[in-house]
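Sequence lines set the chain letters: A, B, ... in the order given, protein chains first and strands last, and positions in each chain run from 1.
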Amino acid sequence: MEKILTKNVGKPNSQDIEVYLGGGGYKALEKALGMKPKDVIAEVKKSKLVGRGGAAFPTGLKWEFTRRESAEPKFIACNADEGEPGTFKDRVILLNDPHLLLEALIIGGYAIGASKGFIYIRGEYYREIETVEKAVEQARTKGYLGDNILGSGFSFDVQLYKGAGAYVCGEETALLESMEGNRGCPDCRPPFPAESGFLGKPTAVNNVETLCNIPAIMINGGEWYSRIGSPDSPGPKLYCLSGHVNKPGVYELPMGITLRELIENHGEGVKGEFKAALPGGVSSCLLANLDVKLDYKSVARAGSMLGSGAVIVINEDTSIIDVAKNTMEFFARESCGKCSVCREGTRRAREILTRFANGGGKAKELDLMLELGEVMYDTACCGLGQAAMNTTASAIRLFREEFEQKVRK
Amino acid sequence: MVTLTINGKQVTVLEGTSIMNAAKQVHINIPHLCYLEGLEPEYHCRVCGVEIEGEPRLAPSCVRQVSEGMKVQTNSARVRRARRMIVELLLADHYTDCPTCERNQTCELLKLAFELGVKEIRFEGEKPHYELDETSPAIIRDPNKCVLCGRCVRVCHDVQTVSVIGFVNRGLETMVSTFMENGLGNVECTNCGQCIHVCPVGAIKEKSAVDEVWAALADLEKHVVVQEAPVMRASLGEELGLPAGTLVAGKMHAALRRLGFDTVFETNFSADLTIMEEASELVKRVKEGGVLPQITSCCPGWITFMEHFYPDLIPNVSTCKSPQQMFGALSKTYYAEKAGIDPARIVSVSIMPCTAKKFETQRPEMADSGFQDVDYVLTTRELARMIKEAGIDFASLPDEPAEELMGLYSGAATIFGITGGVMEAALRTAYKLVTGKELEKIDIEPVRGLDGIKTATLNVDGLEVEVAVAHGLGNARKVLDEVRAGKSPYHFIEIMACPGGCAGGGGQPIGFDMALRGIRGQTLYAEDRQLPYRRSHDNPSIKKVYEDYLKEPLGEKSHHLLHTKYTKREVV
Amino acid sequence: MNVSVWKTKVDEVLKRSGKSKETLLPCLEVIQEACGYIPQEAITYLRENLDVPSIDIYGVITFYGMLTTKEQGKYVIRICDSLPCYLNKSDGVLGVIEKELGIEAGETSADRQFTLEVVPCLGLCDKAPAMMINDKIYGNLTEQSVKKIIAELNC
């Protein structure tokens, strides 16, 4: 498959605007600026592109909703606060091809009618922040950012926001809260950011990887894009492979390859014997079946979620209780603490799992945790709390005997 | 209008209505914990979740707005399971000393757990063990009981705009605290105590003086004098199980005597005195071109707020002490002299609807009698507990008057207890001072009621006197910003820190219900109408104290005992 | 703390982005970067300039892992314990670091050389187990390699 998202990765000085322009960069922007904004959106809708941050919402629709709002000004925010354990794909783009992202962001701004865009990059990405800052400067100098871009009459600028170490800020409403100078606690939706986002104004929030599909869609058309990979959720996907594999890394592959293909053909196999994998980071449910296709629908049918595409492989030597406990320590720390159910639920699940890990579990606590998972899904405000029990609940469902062995006799 | 179905019943409500409020219209109460009428919903607790047909998850009904054709279930098995588990989780993290907890009669969490049928707490684990915040002379915070509903944070930020408490840390370490965890006593807390009213559990309470007062009452060496704030007559009964708004002045005096207080006086007496001084001050400022607008100084919450946030307005604030402190100073001078008691033996106790009074009485400058003028402050709640502890059948007590010397009062004093009352009382007397005539229309309606800011114009001998009344510090800010900007059209402004004025004071029966605060106010207006004297300057005991002791308003003795000065305080 | 260290940088941010609450996080970040922590006088300065109550600023600082009001060591070691690193034995590496430095996670050494923090995923899962020391990345850690890394910083 021809690379779309990582086509420039590996080129010398790929982060430089000259190199980017040499490879046909900013042609998509030129083309988009020659179209009507609604036609840009129509093309994106035709592509069937869905968000790659985890929620898999159709991008074209999100842009349409934002454009349709009457309030002004409008904003577009790029979510580069990648933090889901096992996810390291956005960093590859930020570091190697920042102009691809900028070009996409400008097109997005044009499509929804925004004059200002933001890129919210997690604070630990020092080099990536520096690279994007430079790219923004270059784009300004070349006239891709600023007033009257390429003589189109469209003006647009970009501001960078640095995260400060809070996983939950990757949730879009928390991200906006953070930009507004608040604690990064998610807001209730509806209203969605498309209606009421940054400073209460209509805001499209898109993940880095999502946006980076846009230039190719502009150049080649939505129709072309929709034929790549899985027909249900087309396009390329950046799979982040980590855990017990011989060659961890970010792999751009057509949506819908199987877990087995990813691990064996690209990751050079499991370190040890395969036990299970998380297809969408620690917010997803464990899969024990290697033949699941890694597209949104197939993974959902198999009882999990593709999320950001963070595939974490776990071998036979690993205690599944330790895996669950590790994820729960993560969520208990990273919960924003606002919703009672998430704050207290993760706290108690963590304690129960710790007792199981030490051989002091109680049999009835297994069903209690399953119930807790369902209640958290039902009532937590944001994706963090709704999904926090996924790994644990799936571990109990798939490997119940392992837990039962750790029940205090 | 939007039509939806709740539990199979159709209901039509205004667009923008929350599901919770729509449900009320079909007589369904959706259980909740962090939601409180009067505060913006912030959906922390997740208890109020409801099922909406076609949606994958439950929606928080406090904040979720209705939409056309929506089908809501508030009592499905799924909803009940979620509610129970959430309350169970909150209880698992709650320091449950319920039998001895301040709030065991008024705890919303306890009530919820019972009503939702939580029978067992299945989650075992660590309980919180935070240090108590006892840095404030008025308010104690116990983070071990806090359920992180955020109501106190909202009332402190949104209603009072004092903003000294907030959420800190993240995840399982999240807590409500003060800047740098320095404690309420070390930040610009006004001690208004509204946070106590909104707290659903026992995480915030007043610093009690009950034991100290019991000890003083038991001490034969001590002569214990007591004063009761104007609004006490309208709220003490309520705290003791009588209908809200029952007028209990006489029973209160009787109860205090039965508790062992040696002399039962009235803060209402010193409220009349305050009016004599404050109205004279206003007339002087107007006549002599002094700093205007003059702003009232009865409310210690407002005074602390001013010293922190508006110290530049110190010249505008009346130099009159509050009625509590005027009383305190006179109790150990005038009264001591008249009764022939060594003031060192006098213990001066005040019964207040207020937590900030506990702070006020400890201000170093409040010792003009040569002693701490007021020794102990008890809130409405504390006095009610003492009455219960003593086994006094309050409802059956006879009505008894307070002792005349410092216990006789006018209707003007009684209405101090509700927003606008001080203004009305002052105008009644100021009119007389300027014109030599009595104000005919004595009920000044425009300054009554619960609007956040009220204004009125009164023609006083050709001078159009412009006045404003603000209650709740957020409302006060609006009026004060005008003064600060030099754009204030007013001559006289009344400010009370608590929404509703003293009727809603931080020491009152627990609750944030404005309507209830209004009912207490109506009781005061009713007493005002039926009292023989309705103007402070008509009170015979006031005439007597000036004749026998103080000589004249703003005179030397008054200046020494009844007036004070203010200090700029830092904002941290 | 020399005030000029952070004040110039904050003033730059305020000039560029305006005196509004949306500038709070960028301001806190430059202070943290300049001082290694956020001194109380800097919070006062932000309160005055952004009109945000101190408690709210404090609430924001304590929410974010990279901001702190406590003085940090010269080297801030952030070691990841999220699942990909955990599966690759980050706990063993952490144990070695704790032993080498004589401090536990969350602590700063007495000589203010090191602060050790256990942090969630750093996006270095292809180099697990991984850590950052200040802004520098260290991956594929082993018990031996961390000893060497710390020894080098110590001299």
Side-chain angles (χ1 to χ4, degrees), chain A residues 82-92 122-128 130 159-169 178-185 198-199 240-244 247-250 271 278 281-282 310 312-315 318 322-323 326-327 329-330 333-334 336-337 391, chain C residues 16-18 20-30 32-33 38 46 50-52 56-68 76 78 80-91 117-132 134-137 139-140:
Chain A
E82 144 174 287
E84 176 72 29
T87 315
F88 46 105
K89 62 192 176 68
D90 295 345
R91 113 176 288 159
V92 172
R122 65 177 299 183
E124 295 88 344
Y125 280 10
Y126 292 93
R127 281 198 300 155
E128 292 74 5
E130 209 179 300
Q159 186 184 338
L160 251 62
Y161 263 92
K162 282 195 272 180
Y167 162 75
V168 70
C169 289
S178 176
M179 282 170 47
E180 289 172 6
N182 299 322
R183 293 160 60 79
C185 295
F198 184 57
L199 304 176
C240 309
L241 188 58
S242 69
H244 290 137
K247 196 176 159 230
V250 175
K271 270 192 214 162
L278 290 166
V282 299
I312 306 173
V313 179
I314 298 156
N315 71 14
T318 311
D322 288 346
V323 168
N326 177 276
T327 66
E329 273 164 3
F330 170 79
R333 276 200 316 244
E334 296 300 323
C336 79
T391 303
Chain C
R16 192 171 63 235
S17 307
S20 63
K21 203 176 179 193
E22 302 90 77
T23 317
L24 177 60
L25 198 55
C27 285
L28 291 172
E29 283 164 343
V30 296
Q32 177 75 40
E33 206 176 295
I38 297 168
L46 292 181
L50 301 178
D51 197 22
V52 178
D56 291 356
I57 301 177
Y58 186 64
V60 166
I61 294 170
T62 54
F63 187 87
Y64 295 95
M66 295 176 76
L67 304 176
T68 175
V76 179
R78 294 192 171 91
C80 170
D81 74 340
S82 286
L83 193 57
C85 283
Y86 172 77
L87 293 173
N88 286 291
K89 310 255 180 289
S90 61
D91 47 354
E117 286 174 0
V118 173
V119 298
C121 188
L122 292 164
L124 299 167
C125 323
D126 51 344
K127 302 176 187 64
M131 66 178 180
M132 295 183 77
N134 297 343
D135 58 356
K136 212 169 158 209
I137 290 165
N140 299 313

Answer with side chain, backbone, both or neither: which region of [X] has an atom nearer than 4.5 Å to a non-hydrogen atom of chain C?
X: A:Thr391; value: neither
X: A:Thr87; value: backbone
X: A:Phe330; value: side chain
X: A:Val250; value: neither
X: A:Leu160; value: neither
X: A:Val282; value: side chain
X: A:Tyr126; value: side chain
X: A:Lys271; value: side chain
X: A:Asn326; value: side chain
X: A:Leu199; value: side chain
X: A:Asp322; value: both
X: A:Glu84; value: backbone
X: A:Glu334; value: side chain

If you apply the rule side-chain contact (heavy atoms from CB on, under 4.5 Å), what do you find for A:Cys169 with C:Tyr64, and how did you get there? CA-CA 10 Å; A:Cys169 289; C:Tyr64 295 95; 3.7 Å; yes
If you tally heavy-atom pairs under 4.5 Å against chain A, which of C:Asn88, C:Ile57, C:Leu122, C:Leu24 wins? C:Leu122
Measure [X] against the heavy atoms of chain A and call it side chain, backbone, both or neither at under 4.5 Å.
X: C:Asn140; result: neither
X: C:Asp135; result: both
X: C:Ser17; result: side chain
X: C:Leu50; result: neither
X: C:Val52; result: neither

Which one of A:Tyr167, A:Tyr125, A:Phe198 has the most heavy-atom pairs closer than 4.5 Å to chain C? A:Tyr125
side-chain contact (heavy atoms from CB on, under 4.5 Å) between A:Val323 and C:Leu87, worked out: CA-CA 8 Å; A:Val323 168; C:Leu87 293 173; 4.3 Å; yes
Heavy-atom side-chain proximity of A:Cys185 to C:Phe63 below 4.5 angstrom: yes
Side chains of A:Thr327 and C:Tyr86, heavy atoms from C-beta outward: is any pair under 4.5 Å? no
Salt-bridge contact A:Arg91-C:Asp126 (side-chain N to carboxylate O under 4.0 Å): no
Report the C-alpha distance between C:Lys127 and A:Phe88 in whole Å, list the side-chain angles of each, state the deciding distance to 0.1 Å, and finish with yes or no for side-chain contact (heavy atoms from CB on, under 4.5 Å). CA-CA 11 Å; C:Lys127 302 176 187 64; A:Phe88 46 105; over 6 Å; no
Residues that C:Glu33 engages under salt bridge (Lys or Arg N to Asp or Glu O under 4.0 Å), provided they are two or more places apart: A:Lys162
Could you go through the side-chain contact (heavy atoms from CB on, under 4.5 Å) check for C:Met132 and A:Glu124 one step at a time? CA-CA 9 Å; C:Met132 295 183 77; A:Glu124 295 88 344; 4.1 Å; yes
